[in-house]
There are 2 protein chains.
Amino acid sequence: MKDTKLPTIKEIAKQLNVSVSTVSRALHDHPGIGLRTRMRVQQLAQQLNYEPNQTAIFFKQRRTFTIGVVIPNLKEEFFSQAIDGIEETASSNKYSVLISQSKDDLERERRIITTLKNNRVDGIIVSLSKQTTTYDHFTALKKYNIPVVFFDRVPSLPDFNKVYSNMNSGTREAIEFLIEKGHRRIGVLNGPEQMRSSKERTETYKQILIKRRLKIDMGLVAHTDLTRESTWKAMQDLLSQRPRPTAIVAINDYIALDAMQYARQQRLKINKDICFVSYANLPITSYLENPPMASVEQYPYDQGAQAAGMLINILSEEEKPTRPDEPETFQNIVINGQLIIHGKR
Amino acid sequence: MKDTKLPTIKEIAKQLNVSVSTVSRALHDHPGIGLRTRMRVQQLAQQLNYEPNQTAIFFKQRRTFTIGVVIPNLKEEFFSQAIDGIEETASSNKYSVLISQSKDDLERERRIITTLKNNRVDGIIVSLSKQTTTYDHFTALKKYNIPVVFFDRVPSLPDFNKVYSNMNSGTREAIEFLIEKGHRRIGVLNGPEQMRSSKERTETYKQILIKRRLKIDMGLVAHTDLTRESTWKAMQDLLSQRPRPTAIVAINDYIALDAMQYARQQRLKINKDICFVSYANLPITSYLENPPMASVEQYPYDQGAQAAGMLINILSEEEKPTRPDEPETFQNIVINGQLIIHGKR
DNA sequence: TGATAATGCGCAACCGTTTGCGCATTGTTG
DNA sequence: CAACAATGCGCAAACGGTTGCGCATTATCA
């Protein structure tokens with residue numbers, strides 16, 4: 001039984017012998033209502049503990065002040081930090097946040113999008129599943145006027161709103177850092193090949209080696225599908241190269257940790273026989289005795305916050321009178337990953 | 001402009017020259033509708049890409065298939081894991097999840113509850129802010145028939161639904177483990193005194209020492225407010241006791257890590273000069289070279305999943321015909337924290 | 001004082017869907 | 001063939017608010 005009935009605007013109207021429209025307006029301080037009645041209404045509302053039924057308002061206004069968030073999972077600290085940022089800026093703009101996890105499954109991602117659409121969220125923030133290579137389920141949203149902002153794992157096409165950290169500058173810094181430390185054989189422990197960031201990383205890697213006139217050996221670029229087994233396998237490949245790489249750039253901290261475990265098992269001393277540099281700079285690394293030498297910080301909280309900000313911005317633009325056929329424009333925020341060098345502990 | 005108008009049930013009705021009620025029923029496979037028209041309706045619906053407007057349904061049905069979640073923050077892995085569990089079981093039961101963070105601020109917690117109520121969530125899952133000692137904002141929800149389930153940080157009063165892991169069994173195991181390893185001076189690095197779990201832990205600690213006929217020295221019980229500074233300070237106290245404790249039970253992994261850092265700074269060898277046992281057993285500990293000797297696993301994912309399950313259960317009970325004045329009952333799930341002994345690595 | 005303007009409020013439609021009830025039409029039975 | 005039952009569908013109210021428009025009533029001015 002879903003019913004101890006709450007006071008409604010009608011109830012107030014009846015008790016005061018005025019119309020519901022009057023009550024509604026009075027509660028909104030509409031100028032067309034006399035001070036006298038406005039007061040009476042507001043007082044009674046207070047007294048009855050009246051609270052507007054948002055579901056009714058959502059329905060009527062055709063907007064819900066809710067934004068949907070789709071991420072691959074919540075297990076990775078990167079994403080929960082991002083949601084922290086999203087929730088924070090959303091709530092301070094009176095938006096609520098609906099979250100769901102795609103679990104890196106494309107079908108699931110699709111279903112989630114449909115549900116969010118039916119729930120009439122005002123906008124959606126997405127970090128792509130690693131399976132996603134087509135974007136029709138997102139472009140479809142345009143018909144429904146639901147803006148989408150991607151973050152971190154963003155589509156490689158231009159016609160989307162995105163917030164992401166570019167691999168280039170961070171990767172450049174990281175590799176140059178290693179070169180300056182004297183490393184000449186630098187391995188790359190990269191993510192799935194179809195991911196934008198993986199490609200960027202490999203690209204940058206090659207460029208720098210060329211610039212520095214170092215030999216490029218593609219045997220030093222390995223890919224992992226992000227599972228531990230796959231990472232260990234990739235490490236096995238890398239460590240079997242001759243001469244063995246003396247440093248490894250890993251796609252993120254978790255992967256680096258897995259890799260370091262593997263290296264330890266092979267009786268290699270971390271930061272001595274082999275050095276690691278990774279991405280993300282998660283809080284956990286600060287607790288390690290032998291953390292990666294450096295991490296490219298990707299500011300997940302900020303990415304989330306920026307994405308939410310961008311979305312809310314777009315939503316408030318929509319309110320304004322729409323000039324005929326403005327061409328649709330897409331926003332892009334690139335957060336520069338920054339190399340954080342971990343002090344010895 | 002929030003309006004490329006979507007196909008509605010009315011639209012379908014018009015095109016087929018039937019009434020909206022017929023369409024509605026046809027789409028729900030209501031037996032009162034002939035096979036013939038049912039087919040026509042469903043076909044056209046398909047063709048028009050009709051999707052029901054959930055906001056309308058929410059409004060009409062007075063339920064939203066949404067559950068609200070209030071946690072202190074998303075930064076702690078414990079909570080994001082819990083949300084993982086919540087989201088997972090919620091979504092497989094067709095519920096959506098609305099999250100917000102109290103940031104350990106009571107006022108904020110109150111506001112969130114009000115918003116969730118106005119948004120007509122069907123139920124709420126809460127882990128209390130550490131400031132919360134009064135529960136009127138939750139009891140108020142009973143008037144609105146919104147059930148609440150607490151997890152982890154739960155109220156100490158009996159008349160609430162809760163899921164939590166009891167400190168007793170885990171703490172007992174942990175301390176006995178240490179005693180068996182030969183430790184006689186065991187320190188406790190406890191949380192804020194007002195938290196239920198802190199009290200329980202201290203209580204159990206004393207009991208066991210008594211049972212084992214060991215001397216109780218309250219100088220070995222220190223409190224931290226969970227900040228790193230405070231933890232270090234507590235550690236300073238503990239390490240200055242004479243004889244120095246040879247083992248420490250810390251309230252959770254983060255605190256243990258902070259404490260271990262401090263110990264290292266004091267030139268103590270972890271797991272040799274001083275051992276640590278902590279609570280939570282977060283994934284990160286598996287990456288440490290010298291993890292705590294053992295952790296009491298608290299199964300955050302399961303706590304979340306159980307809490308969601310309990311809530312959804314309560315919600316579906318509500319559907320059933322309510323016998324007059326059943327006394328309200330409250331459910332309790334206690335998850336036994338289990339001591340996980342970390343293998344040497 | 002009469003015309004006009006300003007003020008204060010009510011009417012009613014609308015948002016999209018669900019559902020109890022009732023009315024035809026058709027089929028069944030004695 | 002009459003009486004009745006079953007079948008298939010429509011009417012209309014309801015959920016709780018918002019809002020354009022219009023109508024009285026009062027105030028304002030010449």
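The chains referred to below are lettered A, B, ... by the order of the sequence lines, with proteins before strands, and numbering in each begins at 1.
- Using a 4.0 Å heavy-atom cutoff across all strands shown, B:V18 reaches sugar-phosphate atoms only and no base atom.
- For the side chain to side chain contact (heavy atoms under 4.5 Å, CB included) test, residues two or more places apart in sequence or in another chain that qualify with B:A307 are B:I125, B:V149, B:F151, B:V163.
- Scored by the salt bridge (Lys or Arg N to Asp or Glu O under 4.0 Å) test, B:K130 finds no partners at all (sequence neighbours excluded).
- The salt bridge (Lys or Arg N to Asp or Glu O under 4.0 Å) search around B:E76 returns none, not counting sequence neighbours.
- For the ring pair (Phe, Tyr, Trp, His ring centres under 6.0 Å) test, residues two or more places apart in sequence or in another chain that qualify with B:F160 are B:Y135, B:F150.
- For residues 90-99 of chain A, the pairs satisfying side chain to side chain donor-acceptor pair (under 3.5 Å) are A:R63-A:Y95, with sequence neighbours left out.
- A search for ring pair (Phe, Tyr, Trp, His ring centres under 6.0 Å) contacts involving B:F59 returns A:F59, not counting sequence neighbours.
- With sequence neighbours excluded, the residues satisfying salt bridge (Lys or Arg N to Asp or Glu O under 4.0 Å) with A:R196 are A:E200.
- Remark: B:R110 pairs with B:D136 by the salt bridge (Lys or Arg N to Asp or Glu O under 4.0 Å) rule, at least two apart or across chains.
- Listed by chain and residue number, B:N119 satisfy the side chain to side chain contact (heavy atoms under 4.5 Å, CB included) test with B:T115 (two or more places apart in sequence, or in another chain).
- Within a 6.0 Å sphere centred on CD of A:E51, heavy atoms belonging to other residues, nucleotides or ligands number more than 12.
- Near DNA chain D, meaning a heavy atom under 4.0 Å from it, residues 33-42 of chain A has no residue at all.
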**OP:** Take nucleotides 13-20 of chain D nucleotide by nucleotide from the 5' end and write B, S or -, depending on whether a protein heavy atom sits under 4.0 Å from the base, only from the sugar-phosphate, or from neither.
**Re:** -BBBBBBB

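- Here chain B contacts DNA chain C (any atom closer than 4.0 Å to a heavy atom, that is under 4.0 Å), and the contacts span C:dC15 to C:dG20 from 5' to 3'.
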